[in-house]
Amino acid sequence: QVQLVESGGGLVQAGGSLRLSCAASGRTFGSYTMGWFRQAPGKEREYVTAISWNTNTDYTDSVKGRFTISRDNAKNTVYLQMNSLKPEDTAVYYCAADQFNRGGVPSARSTSYDYWGQGTQVTVSS
């Protein structure tokens with residue numbers, strides 16, 4: 001069983017930055033693909049970005065050039081640096097772990113992920 005705990009959310013003005021963290025339990029964190037998803041009020045959960053065990057990264061188009069995902073396997077933590085935030089980035093952000101991805105290409109499908117955190121709220125004011 002893997003537990004994921006997100007932190008770093010909050011209220012920020014448009015154009016500002018936040019860094020989210022997701023701390024994972026377990027001894028095999030380095031073998032997981034880690035993803036970030038978000039869900040805005042009244043909308044479906046959507047993919048944001050992911051990083052594979054071999055540090056391949058992938059981003060949804062709306063955050064390319066603004067968000068950066070990274071991981072520190074020594075700390076069992078994945079990060080999401082969010083810059084140039086926009087009001088439309090307002091959502092609950094969830095991290096997720098895919099423990100069975102051996103291909104090294106991150107998946108954007110939520111069904112690929114086996115474990116989920118509880119989420120952290122990000123609010124961007126205009």
Side-chain angles (χ1 to χ4, degrees):
Q1 192 75 309
V2 176
Q3 292 185 325
L4 304 174
V5 179
E6 302 99 334
S7 61
L11 173 65
V12 64
Q13 288 188 331
S17 298
L18 282 175
R19 188 175 83 153
L20 305 184
S21 300
C22 173
S25 65
R27 301 178 184 177
T28 56
F29 174 81
S31 68
Y32 301 154
T33 289
M34 299 298 297
W36 286 97
F37 291 75
R38 65 187 180 187
Q39 187 167 19
K43 294 188 177 181
E44 297 286 320
R45 186 174 298 188
E46 66 172 355
Y47 169 76
V48 178
T49 180
I51 184 168
S52 66
W53 56 268
N54 58 356
T55 67
N56 285 334
T57 59
D58 180 66
Y59 298 88
T60 194
D61 287 346
S62 63
V63 307
K64 285 180 180 177
R66 300 189 299 122
F67 290 12
T68 303
I69 189 171
S70 61
R71 66 190 300 159
D72 185 338
N73 290 340
K75 295 183 179 179
N76 277 20
T77 301
V78 62
Y79 303 98
L80 181 60
Q81 178 66 44
M82 304 185 294
N83 299 329
S84 302
L85 282 162
K86 304 175 181 180
E88 51 263 45
D89 294 318
T90 294
V92 177
Y93 283 71
Y94 299 90
C95 75
D98 173 1
Q99 63 178 339
F100 295 118
N101 185 332
R102 293 293 177 260
V105 177
S107 173
R109 298 193 309 270
S110 62
T111 54
S112 296
Y113 293 81
D114 311 290
Y115 300 101
W116 293 81
Q118 82 290 348
T120 186
Q121 177 70 47
V122 171
T123 303
V124 184
S125 64
S126 57

TODO: Kindly state each residue pair satisfying ring pair (Phe, Tyr, Trp, His ring centres under 6.0 Å) with at least one member in residues 44-102, sequence neighbours excluded.
DONE: F37-Y47
Task: Residue pair V122 / M82, side-chain heavy-atom distance below 4.5 Å - done: yes
Task: L4 and M34, any side-chain heavy atoms less than 4.5 Å apart - done: yes
Open item on the list: Return the CD to OG distance between Q99 and S31, rounded to the nearest 0.5 Å.
Closed with: 8.0 Å
Open item on the list: Could you check whether T123 and Q121, counting side-chain N and O atoms only, form a donor-acceptor pair closer than 3.5 Å?
Closed with: yes
Open item on the list: In the structure I gave you, are the side-chain heavy atoms of W36 and V78 within less than 4.5 Å of one another anywhere?
Closed with: yes
Name each donor-acceptor pair under 3.5 Å that joins a side chain in residues 17-26 to protein atoms two or more places apart or in another chain, with its distance.
from : atom 1 : to  : atom 2 : distance (Å)
S17  : OG     : N83 : OD1    : 2.9
S25  : OG     : Q3  : N      : 2.8

Task: Test item: L80 and T49 side chains (from C-beta on) under 4.5 Å apart, heavy atoms - done: yes
TODO: Please lay out, stage by stage, how Y32 and V2 fare under the test side chain to side chain contact (heavy atoms under 4.5 Å, CB included).
DONE: CA-CA 11 Å; Y32 301 154; V2 176; 3.2 Å; yes
- [ ] Write out all pairs satisfying disulfide bond (SG atoms under 2.5 Å apart) with one or both partners inside residues 34-67, taking only residues at least two apart or from two chains.
- [x] none
Task: Student check: side-chain heavy atoms of D114 and D98 closer than 4.5 Å - done: yes
- [ ] Go through the steps for Q39 and E44 under the test side chain to side chain contact (heavy atoms under 4.5 Å, CB included), then give the verdict.
- [x] CA-CA 6 Å; Q39 187 167 19; E44 297 286 320; 5.6 Å; no
TODO: Taking salt bridge (charged side-chain N to carboxylate O under 4.0 Å, His left out) as the test, write out the residues that go with K43, two or more places apart.
DONE: none
Task: Pairs touching residues 24-41 that satisfy salt bridge (charged side-chain N to carboxylate O under 4.0 Å, His left out), sequence neighbours left out - done: R38-E46, R38-D89
- [ ] Considering non-hydrogen atoms only, spot the tightest contact between S52 and P106 and give its length.
- [x] N-CG, 3.9 Å
Open item on the list: Could you tell me if the side chain of Q1 sits less than 4.5 Å from the side chain of Y115, heavy atoms only?
Closed with: yes
Open item on the list: Do W116 and I51 sit in one hydrophobic cluster, given that two such residues count as connected whenever their side-chain heavy atoms are within less than 4.5 Å of each other, even indirectly?
Closed with: no
TODO: Can you run down the salt bridge (charged side-chain N to carboxylate O under 4.0 Å, His left out) pairs that involve residues 71-85, sequence neighbours left out, and say none if there aren't any?
DONE: none
